[in-house]
Amino acid sequence: MSVLLRLDGVEAGYGDLTAIAGISLEVRQGEAVALIGSNGAGKTTTLRAISGLLPVRAGRIELEGERLDGLGSAAIVARGIAHVPEGRQLFPTMSVRDNLELGARAAAGRRDGLDLVFTLFPRLRERERQLAGTLSGGEQQMCAIGRGLMARPRILLLDEPSLGLAPVMVKLIFETLQRVNDAGTTIMLVEQNVPRALQLSHRGYVLENGRLVLVGTRASLLASPHVKQAYLGL
């Protein structure tokens with residue numbers, strides 16, 4: 001598989017704080033890749049740097065060889081990267097449908113995008129006129145993921161999609177993400193539910209204190225003594 005997204009020596013942070021340093025990784029076309037680590041490890045910062053929400057201080061970010069760092073977030077979205085942030089960040093006083101349509105890159109693509117989202121999440125079709133703020137947590141997460149998919153992205157960045165959800169909803173969300181990946185959408189996933197993250201992913205990177213400390217396939221990471229002890233409670 002060809003490399004779709006590449007980070008080379010990326011550094012980013014907030015004010016005087018360097019949150020990630022020397023991050024080099026790649027995501028291949030059609031893969032699902034997990035970025036795992038504890039709170040404060042730099043996972044969210046990495047996604048924010050990729051999507052242009054946080055300036056890159058050093059290094060390069062490329063999408064199929066085209067440099068992204070230095071572009072604004074709107075230009076990055078236009079090139080096919082969609083970011084589903086932690087906490088969903090929906091507009092609570094707008095309807096489900098209006099929230100979804102905000103994710104479409106062009107008005108012409110709204111109908112096809114809605115058909116896709118409503119097929120993946122039938123519950124959203126039932127609630128398309130309902131205010132997003134009145135949805136359950138799981139339904140809000142469906143809406144946030146659906147909004148990202150409305151852009152028909154080449155790569156979908158997901159930040160903690162299982163956060164705060166009941167186990168039955170976590171199962172549904174990850175089954176749907178598996179379908180999205182199987183249909184060809186590349187996924188990069190930040191998730192503290194490590195077993196779920198690795199079950200979905202082909203490969204993973206372990207981030208600690210702003211630096212990558214381990215990379216491997218799903219099988220090799222699940223078998224790693226470090227991952228077992230630090231993230232699987234074994």
Side-chain angles (χ1 to χ4, degrees), residues 1-10 19-50 81-87 120 137-138 141-142 144-145 148-149 153-234:
M1 293 181 287
S2 61
V3 174
L4 179 61
L5 178 72
R6 188 191 306 276
L7 278 65
D8 184 12
V10 171
I20 57 172
I23 300 296
S24 296
L25 58 81
E26 62 184 35
V27 180
R28 300 166 192 151
Q29 179 69 47
E31 274 192 317
V33 171
L35 186 61
I36 61 177
S38 59
N39 283 333
K43 306 184 303 297
T44 293
T45 299
T46 301
L47 294 192
R48 289 173 60 85
I50 294 169
I81 295 181
H83 186 171
V84 181
E86 180 181 354
L120 290 168
Q141 188 63 69
M142 292 177 190
I145 293 171
L149 291 171
R154 300 168 69 190
I155 180 167
L156 183 67
L157 308 179
L158 293 150
D159 195 351
E160 302 287 2
S162 76
L163 185 66
L165 302 186
V168 65
M169 190 58 69
V170 172
K171 182 175 183 291
L172 175 59
I173 292 292
F174 273 85
E175 286 174 348
T176 304
L177 292 176
Q178 185 69 67
R179 292 169 60 194
V180 169
N181 183 239
D182 288 346
T185 300
T186 305
I187 289 175
M188 186 172 183
L189 170 73
V190 161
E191 176 60 58
Q192 289 211 36
N193 187 332
V194 174
R196 280 288 183 189
L198 292 179
Q199 182 181 13
L200 173 68
S201 303
H202 299 90
R203 295 185 303 113
Y205 293 86
V206 179
L207 189 62
E208 295 180 355
N209 299 316
R211 296 185 180 274
L212 291 174
V213 298
L214 195 62
V215 58
T217 64
R218 168 175 50 205
S220 67
L221 290 178
L222 286 171
S224 163
H226 179 72
V227 172
K228 286 182 177 180
Q229 181 177 6
Y231 304 108
L232 301 179
L234 301 176

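Here the structure is a predicted model, which means the values were calculated and not measured. Here, residue 1 is the first one in the sequence, and each next residue gets the next number.
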Using modelled atom types and a 3.5 Å cut-off, is there a donor and acceptor pairing between side-chain atoms of [X] and backbone atoms of [Y]?
X: Arg218; Y: Gln199; value: yes
X: Arg203; Y: Glu31; value: no
X: Ser224; Y: Ser220; value: no
X: Glu160; Y: Gln192; value: yes

Go through the steps for Glu175 and Lys171 under the test salt bridge (charged side-chain N to carboxylate O under 4.0 Å, His left out), then give the verdict. CA-CA 6 Å; Glu175 286 174 348; Lys171 182 175 183 291; 2.5 Å; yes
What are the two closest heavy atoms between [X] and [Y], and how far apart are they?
X: Ser162; Y: Asn193; answer: OG-CB, 3.9 Å
X: Val33; Y: Ser201; answer: C-OG, 3.7 Å
X: Gly9; Y: Ser24; answer: N-OG, 2.8 Å
X: Gly148; Y: Pro153; answer: O-CD, 3.5 Å
X: Thr45; Y: Ala19; answer: OG1-CB, 3.7 Å
X: Pro161; Y: Leu177; answer: CG-CD1, 4.4 Å

Min side-chain heavy-atom separation [X]-[Y] under 4.5 Å:
X: Lys43; Y: Glu191; result: no
X: Leu47; Y: Glu86; result: no
X: Leu189; Y: Phe174; result: yes
X: Ile50; Y: Val10; result: no

Atom pair [atom1] ([X]) and [atom2] ([Y]), whose distance is rounded to the nearest 0.5 Å:
X: Leu156; Y: Met188; atom1: CG; atom2: CE; value: 12.0 Å
X: Leu7; Y: Leu25; atom1: CG; atom2: CG; value: 4.5 Å
X: His202; Y: Ile187; atom1: NE2; atom2: CD1; value: 9.5 Å
X: Tyr205; Y: Thr46; atom1: OH; atom2: OG1; value: 11.5 Å
X: Lys228; Y: Leu222; atom1: NZ; atom2: CG; value: 8.5 Å
X: Arg154; Y: Thr185; atom1: CZ; atom2: OG1; value: 11.5 Å

Go through the steps to decide whether Thr186 and Gln29 satisfy the test side-chain contact (heavy atoms from CB on, under 4.5 Å), and finish with yes or no. CA-CA 6 Å; Thr186 305; Gln29 179 69 47; 3.8 Å; yes
Could you go through Leu4 and Val27, starting from their C-alpha distance and side-chain angles, then the distance that decides it, and tell me whether this counts as side-chain contact (heavy atoms from CB on, under 4.5 Å)? CA-CA 6 Å; Leu4 179 61; Val27 180; 5.6 Å; no
Are Val84 and Gln141 close enough, and set up right, to give a side-chain contact (heavy atoms from CB on, under 4.5 Å), and what steps lead you there? CA-CA 9 Å; Val84 181; Gln141 188 63 69; 3.9 Å; yes
Report the C-alpha separation of Ile145 and Thr176 in whole Å, then their side-chain angles, then the decisive distance to 0.1 Å, and conclude whether the side-chain contact (heavy atoms from CB on, under 4.5 Å) test is met. CA-CA 10 Å; Ile145 293 171; Thr176 304; over 6 Å; no
Member of Leu198, Val215, Leu232 meeting the side chain to side chain contact (heavy atoms under 4.5 Å, CB included) criterion with Leu221: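 The single option meeting the side chain to side chain contact (heavy atoms under 4.5 Å, CB included) with Leu221 is Leu198.
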